[in-house]
Amino acid sequence: MSDLRLVVFDVDGTLIDSQDFIVEAMNRAFGEMGVALPTRAEILSIVGLSLGEAISRLVPDMTARDVDHAAQQYKDMFIKLRAEKGGEAAAPMYPGARQALEALHARDEVLLGVATGKAKRGLDHAYHAHDIGHFFLTSQTADNHPSKPHPSMLHATLSETGAEAHQAVMIGDTSFDIEMGVAAGFHTIGVTWGYHASDALISAGADQLVDSYDALLPALEQIWGKI
């Protein structure tokens with residue numbers, strides 16, 4: 001049995017507050033297509049899903065061809081916004097996020113990973129802008145996996161690290177993150193500063209909720225202490 005501890009983070013809404021980028025890019029994309037703009041709450045409710053799945057949920061009657069077109073428009077608008085606002089650094093990390101990563105990374109038995117609905121190119125930009133890529137041994141993106149809450153990304157984190165699911169924890173701000181963690185046999189921690197309400201995280205099966213990064217390490221110790 002492995003003694004490794006694996007901690008996998010979502011990105012948008014968990015590590016990085018990118019909501020303004022996401023909402024504006026989606027509105028610009030839909031505006032270019034002449035599609036009725038979703039509300040801010042509707043857009044944030046689908047953060048974490050792969051792009052095609054997210055757009056399909058926002059506009060259920062959109063054809064597959066239009067979904068592909070909208071997805072490309074969104075990517076193009078996000079790239080423009082990145083250039084206008086000075087890159088991914090304009091989307092700040094949440095308070096305490098870096099310190100938590102540093103503390104966990106310093107522990108020999110703890111391995112860190114990411115499972116995100118971002119494309120690899122977007123994740124690479126975020127890593128570079130915030131200088132956090134070196135913390136993560138495994139990084140799973142929407143390019144090579146089904147959309148959350150399918151557990152494929154988390155299965156890949158186990159394969160790449162040698163950790164075991166019962167020693168692993170998924171940390172995220174949406175019900176999709178929590179459902180993915182449950183499906184993969186991970187412990188789960190929901191963060192309340194992101195894009196889904198606390199009751200949605202609890203309904204999805206979160207083992208614990210934390211209200212700040214100061215509470216994250218104690219929550220992890222509590223989980224590992226029961227293993």
Side-chain angles (χ1 to χ4, degrees), residues 4-26 44 46-51 54 71 74-108 110-148 152-163 168-174 176-177 180-181 184 186 189 191 193-195 213 216-217 220:
L4 295 174
R5 308 295 201 248
L6 174 63
V7 183
V8 180
F9 289 86
D10 169 57
V11 176
D12 295 315
T14 300
L15 289 172
I16 296 173
D17 186 3
S18 50
Q19 61 179 298
D20 289 340
F21 268 61
I22 293 168
V23 170
E24 189 168 350
M26 194 68 75
L44 294 181
I46 51 78
V47 174
L49 297 173
S50 62
L51 189 50
Y74 174 85
K75 292 175 185 177
D76 292 345
M77 295 304 171
F78 204 96
I79 291 170
K80 289 181 180 179
L81 278 170
R82 187 184 290 138
E84 290 172 13
K85 295 179 180 290
E88 294 275 355
M93 293 186 72
Y94 286 99
R98 173 174 291 279
Q99 291 86 344
L101 292 176
E102 289 172 347
L104 289 168
H105 188 254
R107 295 174 58 168
D108 291 339
V110 176
L111 307 177
L112 300 182
V114 155
T116 176
K118 283 181 174 294
K120 184 180 184 301
R121 181 171 64 176
L123 181 61
D124 287 344
H125 277 289
Y127 279 173
H128 177 74
H130 295 287
D131 189 27
I132 57 174
H134 62 285
F135 290 125
F136 303 108
L137 182 62
T138 177
S139 300
Q140 307 303 321
T141 65
D143 306 78
N144 301 315
H145 297 281
S147 178
K148 297 175 184 179
S152 174
M153 284 194 276
L154 295 186
H155 290 161
T157 66
L158 297 177
S159 296
E160 292 186 3
T161 62
V169 183
M170 176 65 206
I171 300 170
D173 69 299
T174 72
F176 314 127
D177 298 315
M180 177 176 65
F186 280 42
I189 296 176
V191 303
W193 54 79
Y195 305 151
Y213 268 104
L216 179 60
L217 270 63
L220 287 168

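FYI, side chains are in, hydrogens and waters are out, and symmetry mates aren't considered; it's all heavy atoms of this structure. Position 1 is the first residue of the sequence; numbering continues from there. Since we're looking at a predicted model, the values are computed, not measured.
Residues passing the ring pair (Phe, Tyr, Trp, His ring centres under 6.0 Å) test with H105, sequence neighbours excluded: F135. Under the side chain to side chain contact (heavy atoms under 4.5 Å, CB included) criterion, R107 pairs with E109, V110, E221, W224, sequence neighbours left out.
Remark: F136 CZ to L111 CG distance equals 12.5 Å, nearest 0.5 Å. Expressed to the nearest 0.5 Å, how far OG1 of T157 lies from CG of L112 amounts to 11.5 Å. Here CG of D108 is found 13.0 Å from CZ of R5. Values are rounded to the nearest 0.5 Å. To the nearest 0.5 Å, the span separating CZ on F78 from NE2 on H125 amounts to 9.5 Å. Rounded to the nearest 0.5 Å, atoms CG (D10) and OG1 (T116) are 5.5 Å apart. Of the inter-residue distances, the one linking I171 atom CD1 with F186 atom CZ reads 11.0 Å to the nearest 0.5 angstrom.
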- request: Please test V47 against F176 for side-chain contact (heavy atoms from CB on, under 4.5 Å), starting from the C-alpha separation and ending with a verdict.
  value: CA-CA 9 Å; V47 174; F176 314 127; over 6 Å; no
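Across all non-hydrogen atoms, the minimal contact from A115 to M180 is CB-CE, 4.0 Å. Taking all atoms of both residues into account, the shortest heavy-atom contact from H145 to S152 is ND1-OG, 2.6 Å. Heavy atoms only, all atoms of each residue included: S139 and E160 are closest at N-OE1, 4.4 Å. In this structure, G13 and V191 approach most closely via the heavy-atom pair O-CG2, 4.1 Å. Contact record, I16 with A126: CD1-CB, 3.9 Å, taken as the closest heavy-atom pair. Counting all heavy atoms, side chain and backbone alike, S50 lies closest to A142 at CB-CB, 4.2 Å.
E84 has its side chain within reach of L81: a pair of non-hydrogen atoms, C-beta onward, lies under 4.5 Å apart. Side-chain contact between K118 and T141 is absent, with no heavy-atom pair separated by less than 4.5 Å. At least one side-chain heavy atom of L104 sits less than 4.5 Å from a side-chain heavy atom of F9. Annotation: side chain of L154 is not in contact with side chain of L158 (no heavy-atom distance under 4.5 Å). Taking 4.5 Å as the limit, some side-chain heavy atom of D177 sits within range of a side-chain heavy atom of M170. A 4.5 Å side-chain heavy-atom check between Y213 and L15 finds at least one atom pair inside the cut-off.
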Counting only pairs under 3.5 Å, give me each side-chain donor-acceptor contact of residues 92-99, with atom names and distances, residues two or more places apart or in other chains.
residue : atom : partner : partner atom : Å
Y94     : OH   : D17     : OD1          : 3.4
R98     : NH2  : H130    : O            : 2.0

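Panel note: side chain T14, backbone D173; a donor-acceptor pair is recorded below 3.5 Å. Between the side chain of Y195 and the main chain of D12, no donor-acceptor pair closer than 3.5 Å is present.
Salt bridge absent: D76 and K80 never bring a charged side-chain N and a carboxylate O closer than 4.0 Å.
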